[in-house]
Each structure stands twice: as C-alpha cells, then as structure tokens.
Protein chains: 2
Amino acid sequence: MQKAAIERNNETIAAQLTPVGRETVQDRVYSELRRALIGGLFEPSQVLTIRGLADALVTSTMPVREALGRLITEKALEALPNRSVRVPPITLERIDDLLRARSLIEGEAIALAAARMNARQIATVEAMLGEWDEMRALKHKKDIDREATLNQSFHFEIYRCCGSAVLIPMIESLWLQSGPCIRVAIYAFSDAGEVDTAHYHRSIVAALARQDAQAAREALVADISRPFAFLRDKLQSASKEGLRA
Amino acid sequence: MQKAAIERNNETIAAQLTPVGRETVQDRVYSELRRALIGGLFEPSQVLTIRGLADALVTSTMPVREALGRLITEKALEALPNRSVRVPPITLERIDDLLRARSLIEGEAIALAAARMNARQIATVEAMLGEWDEMRALKHKKDIDREATLNQSFHFEIYRCCGSAVLIPMIESLWLQSGPCIRVAIYAFSDAGEVDTAHYHRSIVAALARQDAQAAREALVADISRPFAFLRDKLQSASKEGLRA
DNA sequence: TCAACGCAAGTGTGATCACAAATCAAAGTC
DNA sequence: GACTTTGATTTGTGATCACACTTGCGTTGA
C-alpha cells in the first residue's frame, strides 16, 4: 500500500506548479470586452461588429459572437433591430436609472459587508487607501486607467464580503452598464479640476471599521453619486446648448 | 409627388397586418429555455447537454450553445468545471440569498410603481385578480402551470410600471434563478393544502390603489416570501432526516 | 478480488462555409 | 437636380466539421 506515498508525491508536485487552468478563448474574449467596457474604452453609441472585434482580438468570429451575446443579455451592449450591436447611448433617464439601481444594490451589499467584515478584511481595504495616496503623490502623471482599476478593486473587495452570491453578479452587471457613462464623466472631471475620491473612500473605510452599516451605505452612495451627478449636469447643459443652436 | 399617398397606403396595410418580426432561432431557443426554467420544468441539479437540447428543440447545436451561454451569464444555469452545464442546485444559503435580493429589488420596483401607476394600469392588474378567482372557481382541476403563468403576469404587469429599464431585467434574472426552486415549493404547497395567493395579491392591489408605496412593498414581500419560507422549512427538515439516517 | 489501464462513445469548443439581410455607392430615371 | 434603382460589399446567422477532453465500461494485470 504505497498509495499514501504517491499521494504525498503528487501533493508536493502540485505545490510547486502553478495551475495553468483551462480558460477557453470565449472566456478570454468575454473578460477582455468586459474590461474594455468597464474601463470605458468604448464610447456610448459606438457600433461593434463581430468580424471587427475578431480581427482586433486575433481570433475567429465564433468566440466573439458568443461573448457579444452574453454581454447583450447583461445589458452591457444593445442589440439594434438591424441585428447590429452597439454600446448603449447615454440619456438623462438612463443615468438616473443606473444611479438609483446602483445605490440600492451596492448600498445593500456594503451594509451586509459592514456586519460581516473581519479585521483582516478591513485591513486589506485600508491598505488600498494607502495605495491610492501613493499614486496620488506622484500626480504629475495622471493615470486615469490606473485610478479606475484601483477604484474598482476597492469597491469589489468590500462587496465580496457581503456574502451574497446573487448580489455580486448584479453589481458587476451594473458596473458594466455604467462603465461607458462613468468614463465620460471621469474625463470631464480631470479637466474640471481635482476631486478627492480618496476622501470618500476614507469615510467608507471608517464606517466599516466601526461596523456602522448605515454610515457605510451613505458614504458609498455619496461616492458613486458624484460622477453621475457631474455627468447629469454636463448632459443637461449640453442639451440646452443644443436647443439654443 | 405621390409619395405621401404611397406612405398612407403602406400605413393602412401596416395597420391590418400583425408584425411577424424577424426572430432568430437563437432567440426562440432562448425564450423557450427561459420559459422552461421560470416554469420549473427543469429540476435543480439537472444536467443539460447542448446536443440533447438541440434534438429536443429540433434545431442544430449552434443556437442552443449561444442560448446556454447567455443563461449562464445570468446565473440561470451553472457551468461546471467539466464544462457541462446544469440547473443550479438548491441550498439553504441560496434560498435566503435569492429571497433577500428579490425583496430588495422587487420591493423597490413596486414602490416606484405605486407612485406612478395611473387608473387604467391599476384597473388592468385588478382585472387579473378577477381572472385568478375565476380560475380558482373551477378548482377541481388544479392547473399549476396556469397559476404560475398568471402569477408571473400579475407581478410583471406591476413592475413594468416602475419606469426603470435597469431594474426590470434584474428582476427577470432573479425569477430565472428562483424558478426551479419555487416550482419545487409550489408542488409541495399543493400537497400540503391550499394557500391563498389571491389574498396577498388583493392586498397588493389595494395598496397600489391608494398609492401607498410602503404598504405595497410589505404586501409584496409577504407574497414572495411565502414559497421561499415553505421551501426553507422543507429543506431543513429534509437535512435533519438526512442526518438521522 | 480489486485497482489500473485502455478503448469507445459522448460532449464542448473553435473554425469555416453558405446564405440572407442590411448598407453603401454609383448609375439610371423622371 | 432630387429621387429611385441596381449591384457590390459587409454583416449576422445557422450548419457542419475537426479536435480535445471527459466519462463509462470492459479488459487486463497483480
């Protein structure tokens, strides 16, 4: 019975090797498109074609069309009656709609998380606060992409603690939908002068640290409302311009 | 310039014809699978294969695999590491999770709807109440499928009035996820004796009629909690049985 | 007797082709 | 000159094939 020995041997091998996984092309395409959408690499109303994306991603059309189908069901993309697909356009109603849904669901998620986070988990998000300051210190080079990524990690690190396998995918879907809008707002932000995202994040962490669910929810809503409110104003003045012209 | 005349002619023709649309096979497969899932035709933990479904639906594998992919991203189905796909199994945590999410989001939707519904819309859902009683009158033949369909129509008729294009797809996704669980509960219900769904629906309509958002929310939560609570008890006693054995 | 091996059927994934619909541009018509 | 028509190109959809992986069962070996 040297079975135990073989078992041990296999375990030591497993400990040395990093699992390569068996990610399909379709999965890679899907995450790549997700990343692009949340990061705002696509503009609202931009039309996407299967063959175009397949060329850009250097694959065949097959994985792309399945990934697009999945993104359409998540409302991250929009299927036009022409059967072509585009990034959903920004409208005032949609902005308010998205903000309300995000406040509701992400607010619930952080309230749940506030009651469940342990010291280690709080320390993790606190550390991300430091990372943010660090990045801000060398502000000569504004790296909007890096800021967006860090912001996303911060939020989802918290949401992951809410213990709900149902809410988190919904939040991801909401980020996917608001990604293109938000990015437009962020660009406008950095033109219009600095905003202290770090301040909002600090008050979120403070509320979490004292397990104050209500305060955490309010701080979070304040944080996510900012770009939406900014975008809303921008859109309203733009439409007034349009009316005048 | 007889363009206007042609236009008019086309319009009169269009008024007579019912649009056949240009629904793709993929769309039909997708809605069929949705219907089956919400209706609970698939059992939790049941494994589905692409070729099997393609045979059952009399199409090729192509539309089926895309539909399955979409359902997986909505968490209506689950992708196993083996790359096979199954209906998500029922667990206690999942039941609580789904109920919490549904209470939160559908509660918000009905609260919004309460403030927005006009007399005609309220009359519509009131009429559905009557339809329910009618069906119940000839209760000799319990048609669970018909009850489920009517229940779904009732709820979504209300939700559609909330004016949010973001919330409604999320609610659909939640129904898709809870469909298989609920159906198990409903079957157990009808064994365990009658429950007065109509009573809950009546109090929902009453609250909507007097635009009482809070009452509507509470009545709704009571309505959707019932099968979940029932299922929860059933599962708990079953697991106790399992432990004893 | 039982575990390990190996073969065969079944399954998901990706590529390619055929086809229909949409789009765009140039030529034609009033 | 404005509008329609026609033809070429582009695009999404569905079918089919090839390949890799998994699974199940029967055989082999100790």
Side-chain angles (χ1 to χ4, degrees), chain A residues 1-10 13 17 19-33 42 45-74 76-88, chain B residues 1-10 19-33 42 45-74 76-88:
Chain A
M1 181 61 92
Q2 63 180 20
K3 195 174 169 186
I6 294 175
E7 197 74 19
R8 257 203 321 279
N9 184 31
N10 284 345
I13 291 178
L17 263 40
V20 56
R22 235 162 14 88
E23 204 184 26
T24 62
V25 179
Q26 177 185 155
D27 291 334
R28 277 201 299 279
V29 171
Y30 176 66
S31 4
E32 189 59 23
L33 291 181
F42 297 135
S45 299
Q46 181 177 352
V47 174
L48 304 177
T49 66
I50 294 182
R51 285 174 172 89
L53 290 173
D55 287 348
L57 297 167
V58 197
T59 50
S60 78
T61 61
M62 184 63 58
V64 175
R65 56 199 272 193
E66 310 211 348
L68 285 187
R70 293 166 68 176
L71 290 168
I72 289 170
T73 68
E74 302 184 272
L77 295 175
E78 198 179 47
L80 297 169
N82 329 342
R83 299 211 179 292
S84 65
V85 12
R86 70 168 175 187
V87 182
Chain B
M1 180 60 94
Q2 61 181 24
K3 191 175 171 185
I6 295 175
E7 197 73 19
R8 256 203 321 281
N9 184 33
N10 285 345
V20 55
R22 234 164 15 87
E23 205 184 24
T24 62
V25 179
Q26 178 186 157
D27 291 334
R28 277 202 299 279
V29 171
Y30 177 67
S31 359
E32 189 58 23
L33 291 180
F42 297 135
S45 300
Q46 182 177 353
V47 173
L48 305 176
T49 66
I50 294 180
R51 285 175 174 88
L53 290 173
D55 287 349
L57 297 168
V58 199
T59 50
S60 78
T61 62
M62 183 64 57
V64 175
R65 56 199 272 194
E66 311 209 346
L68 285 187
R70 291 167 69 175
L71 290 168
I72 288 170
T73 67
E74 302 184 88
L77 295 176
E78 195 179 51
L80 298 168
N82 329 341
R83 298 209 181 291
S84 63
V85 14
R86 69 167 176 189
V87 182

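First the proteins, then the strands, lettered A, B, ... as listed; each starts at 1.
- Checking dG12(D), dT16(D), dG14(C) against every side-chain atom of Q26(A), the shortest atom distance belongs to dG14(C).
- Considering only side-chain N and O atoms, N82(B) lies under 4.0 angstrom from the phosphate OP1 or OP2 of dT23(D).
- Take the nearest nucleotide of DNA chain C for S84(A) and for S60(A): the residue whose nucleotide is more 5' is S60(A).
- Regarding R28(B), its CZ atom lies at a distance of 12 Å from the C1' atom of dT13(D), rounded to whole Å.
- Distance check, rounded to the nearest 0.5 Å: OG1 of T59(A) to CD of E32(A) gives 10.5 Å.
- The residue T59(A) sits apart from the nucleic acid: no heavy atom pair falls under 4.0 Å.
- One can place CZ of R86(B) at 15 Å from P of dG12(C), the figure rounded to the nearest angstrom.
- Between the CE atom of M62(A) and the P atom of dC19(D) there is a distance of 16 Å, rounded to whole Å.
- If you check distances only, the side chain of R65(A) never reaches the base of dG14(C) with a donor-acceptor pair under 3.5 Å.
- Put simply, CD1 on I72(A) is 8 Å from P on dT13(D), counting in whole angstrom units.
- Among the nucleotides dA15(C), dT13(C), dA15(D), the one closest to any side-chain atom of R83(B) is dT13(C).
- When all heavy atoms are compared, the tightest approach of A54(A) to S60(A) is CB-O, 3.5 Å.
- The distance from the CG atom of L53(A) to the OG1 atom of T61(A) is 11.0 Å, given to the nearest 0.5 Å.
- For I50(B), the listed nucleotide lying nearest its side chain is dG12(C); candidates were dG12(C), dG14(D), dG14(C).
- As judged by a 4.0 angstrom heavy-atom cut-off over every strand, L48(A) is placed among residues touching the sugar-phosphate backbone only.
- The interatomic distance linking L77(A) (CG) with dG12(D) (C1') rounds to 15 Å, in whole Å.
- Out of dG14(C), dG12(D), dA15(D), the shortest distance to the side chain of T24(A) is found at dG14(C).
- Put simply, CG on L80(B) is 12 Å from P on dT13(C), counting in whole angstrom units.
- Residue-to-nucleotide contacts include no donor-acceptor pair under 3.5 Å from the side chain of R51(B) to the base of dG10(C).
- When the P atom of dG14(D) is taken as reference, atom CD of E66(A) falls 12 Å away, rounded to whole Å.
- When all heavy atoms of A76(A) and P88(A) are compared, the pair lying nearest together is O-CD, 3.3 Å.
- Without hydrogens or angle criteria, S31(B) side chain to D27(B) main chain gives a donor-acceptor distance under 3.5 Å.
- In this structure, the CD atom of E23(B) is 16 Å from the P atom of dA21(C), given to the nearest Å.
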